[in-house]
Amino acid sequence: MIPGILRKTSALLAGFALLAAPALSQNTTPAPAETRRLHVELTLEEAIRAAQEQSIAAMVAKYTFLSSYWSFRSFRASRLPSLNLSGEVLSFDRSLRLLQDYDTGEMRYLENYNLQNTIGLSIRQNIALTGGTLQLYSSLNRLDQFAPKDSKSYYSQPITLSYTQPLFAYNQFKWDKKIAPKEYELAKRTYIEAMEDVTTQAVSYYFALLLSKTRHEIAVKNYDNTKALYAIAEKRLKLGSITHDELLQLQLRMLNDSLSINDTSLEVREQQMRFNSYLRYNENVEVAPVLDDRIPAIDIDYAMVLDKALENSSFDIGNQIQMLNAESDIARARAERGASATLNARFGLSQTGEEFRTAYSNLLDQEVVGLQFSIPIFDWGMGKGRVRMARAKAEIVRNRIEQEEIDYRHEIYTLIEQFLNQRNQCAVAGRALEVAERRYSIALENFRRGTVSVTDMNTAQTEKDQANQTYVSALELLLLAAPQDALRLHLPDRHQRGVRQTHQRITLWTDTSFQHSSAPPCCRAAADRKAKRRTTATTASATGSNTTPSRWTRCGCGVSRAS
């Protein structure tokens, strides 16, 4: 028979290889050693932590947040007094200038030959309430005249206070004060959501690898079982308990299992490379996913989820910023439509003299006050049109936000229903897997006894394989659909620190769930510094590990967390 011939051929080839091995070893040089592969068992928690710490998507989220952080710091700095030192040194001028004689009105070119040096110190403060600018400054100027005769003079302004106040104008400081803090809050929430997207992607890659490995293991096990069943079928064929057609059916099944091993092996390698690429692992690392098949018991209330989503997600704060920008555009259009005026006032002391000392004695008062204004008399309705256009855009934004809020509520409700249904689906899939495995075991035993046909045996094996894959897929969908807070509170202990799943824009972050791996980098650094101060050198040398807190305190970004 064909199997017997194959076994004999394999034995002959093996014997020939053993005989030829010494000769080959004498005539050939040793081949270079293959690259050593590193096998790592990785839990879902560890995979999520690795993705949040070193994936490219996590780095992009981090530096995007840092950009928003420094933008907010610049805004805060603009509201504080600024100290500036200015000057002009070695300003040499030798040229002819066209000047008019005040007595005769005659225009003549006169030689200008001098050197000027100026230095000044000023303090500037923007007034957010009124939109004005207050400035206090002091300056000194020295003029060296070389023609028509040598002379030297000083001009000093020891102290001068100036104030510029726009009237009926758009107050940029006022609107920045309203919008900038909300934009920074939006950046923080967007960063957390971006890290949740990283978590979701890591879970997807993790389960894709796990499912491919499960299929490969099933294919190998099925091949071994079918091979054993084929040996039994050969004996039963000799006894006449099965037909030759059933034996060929088993042989075909064995060949298909062999092909399945090759296909699943390629799939495992492909998924492994994708997973390694996402976690930035070397391609020589081979990850073995560890499955925790316990289904978390999670109770989710729609009202609680909706309140937390509107309170902590970027959706609501983004809508608020849109409305503030629309209102700001209306205020700008109104200010540009009507009359505008600017009040300038300057009060201080000044003096001039040929010596430095005399420039600061007998100081003279100086007061300068002026009002500039512009009143449009007729602009063909241009200003009125800009105001109506801004109001129309604001109304569009308002209506769009109302519709998005309705859709958002419906989306949350749908996601919660899908999650609860998926939990039931996962429980049913787990029960179906137990039944399918039990049935396959019974069918395998009955086949050995000769009471089950090959067709029934193949059916039991197919159903068992399908149930196994369905259960792994159901677990993946359950974790991808689960809101993070509920998972954190109900998953086993080893998952509580790592599994942070959200679905699309639902984020249920509370003050006590602001964890290290998803905290903004500034908060994370502040907490690390605090933990480092608390950890003594003796403890660090004895344990050889770093202490990383899971609760955070206030840092420069203004985020306050419980320590």
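- Remark: side-chain polar atoms of N126 are not paired, donor with acceptor, to backbone N or O of A128 under 3.5 angstrom.
- Annotation for F373: atom CZ does not count as buried by contact number, only 12 or fewer foreign heavy atoms lying within 6.0 Å.
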Name each donor-acceptor pair under 3.5 Å that joins a side chain in residues 321-336 to protein atoms two or more places apart or in another chain, with its distance.
residue : atom : partner : partner atom : Å
Q322    : OE1  : R400    : NH2          : 3.3
N325    : ND2  : I321    : O            : 3.2
S328    : OG   : Y170    : OH           : 2.4

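- Using a 4.5 Å heavy-atom threshold, the side chains of L83 and L121 count as touching.
- Between V368 and N344, every side-chain heavy-atom pair lies at or beyond the 4.5 Å cut-off.
- Using a 3.5 Å distance cut-off with no hydrogens or angles, the side chains of N399 and Q403 do not pair a donor with an acceptor.
- Looking at heavy atoms from C-beta onward, N141 lies in side-chain contact with Q116 at the 4.5 angstrom threshold.
- For F347, the CZ atom is densely surrounded, since the number of other residues' heavy atoms within 6.0 Å is greater than 12.
- Looking at every heavy atom in both residues, Y137 comes nearest to Q157 through CE1-OE1, 3.9 Å.
- Remark: M59 CE is packed, more than 12 non-hydrogen atoms of other residues, nucleotides or ligands lying under 6.0 Å away.
- Side-chain atoms of L371 and L167, non-hydrogen and from C-beta on, do get closer than 4.5 Å to each other.
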Q) Is there a side chain to side chain contact (heavy atoms under 4.5 Å, CB included) between W70 and R73 once you walk through the steps? A) CA-CA 5 Å; W70 287 111; R73 285 287 300 269; 4.0 Å; yes
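- Side chain of Y154 to main chain of Y360: no donor-acceptor pair is present (N/O by atom type, distance under 3.5 Å, no hydrogens or angles).
- Side chain of S71 to main chain of S67: no donor-acceptor pair is present (N/O by atom type, distance under 3.5 Å, no hydrogens or angles).
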(Q) Walk me through whether R409 and E405 qualify under salt bridge (charged side-chain N to carboxylate O under 4.0 Å, His left out). (A) CA-CA 6 Å; R409 294 172 184 270; E405 288 180 352; 5.4 Å; no
Q: Check the pair L134, L161 against side chain to side chain contact (heavy atoms under 4.5 Å, CB included), reporting the backbone distance first and the verdict last.
A: CA-CA 8 Å; L134 182 65; L161 180 66; 3.6 Å; yes
Q: Go through the steps for S95 and N112 under the test side chain to side chain donor-acceptor pair (under 3.5 Å), then give the verdict.
A: CA-CA 5 Å; S95 61; N112 186 32; 4.6 Å; no
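- Closest approach of Q135 to S122, counting heavy atoms only: NE2-CB, 3.6 Å.
- Between I123 and P81 the shortest heavy-atom distance is CG2-CB, 4.2 Å.
- A distance of 9.5 Å separates CG in L364 from OG1 in T352, rounded to the nearest 0.5 Å.
- For the pair L279 and Y205, the minimum side-chain heavy-atom distance is 4.5 Å or more.
- Crowding of E417 atom CD: a count of heavy atoms from other residues, nucleotides or ligands under 6.0 Å exceeding 12.
- Atom CZ of F92 sits in a crowded spot, with more than 12 heavy atoms from other residues, nucleotides or ligands closer than 6.0 Å.
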Q | Audit row: R398, E395, salt bridge (charged side-chain N to carboxylate O under 4.0 Å, His left out) steps and yes/no | A | CA-CA 5 Å; R398 185 178 295 105; E395 193 64 28; 2.8 Å; yes
(Q) Walk me through whether Y278 and S204 qualify under side chain to side chain donor-acceptor pair (under 3.5 Å). (A) CA-CA 11 Å; Y278 190 72; S204 298; over 6 Å; no
Q. Should F65 and Y184 be marked as a side chain to side chain contact (heavy atoms under 4.5 Å, CB included) after you check the CA-CA gap, both sets of side-chain angles, and the distance that decides it?
A. CA-CA 9 Å; F65 170 78; Y184 179 59; 3.8 Å; yes
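- When side chains are defined from C-beta on, D176 counts as touching F75, because their heavy atoms get closer than 4.5 Å.
- Contact check for S313 versus Y408: side-chain heavy atoms found under the 4.5 Å cut-off.
- For the pairing with S314, the side chain to side chain donor-acceptor pair (under 3.5 Å) check across R189, E185, E193 returns one residue only, E193.
- Heavy atoms from other residues, nucleotides or ligands lying under 6.0 Å from CG of L129 number 12 at most.
- Using a 4.5 Å heavy-atom cutoff, the side chains of L110 and R97 are not in contact.
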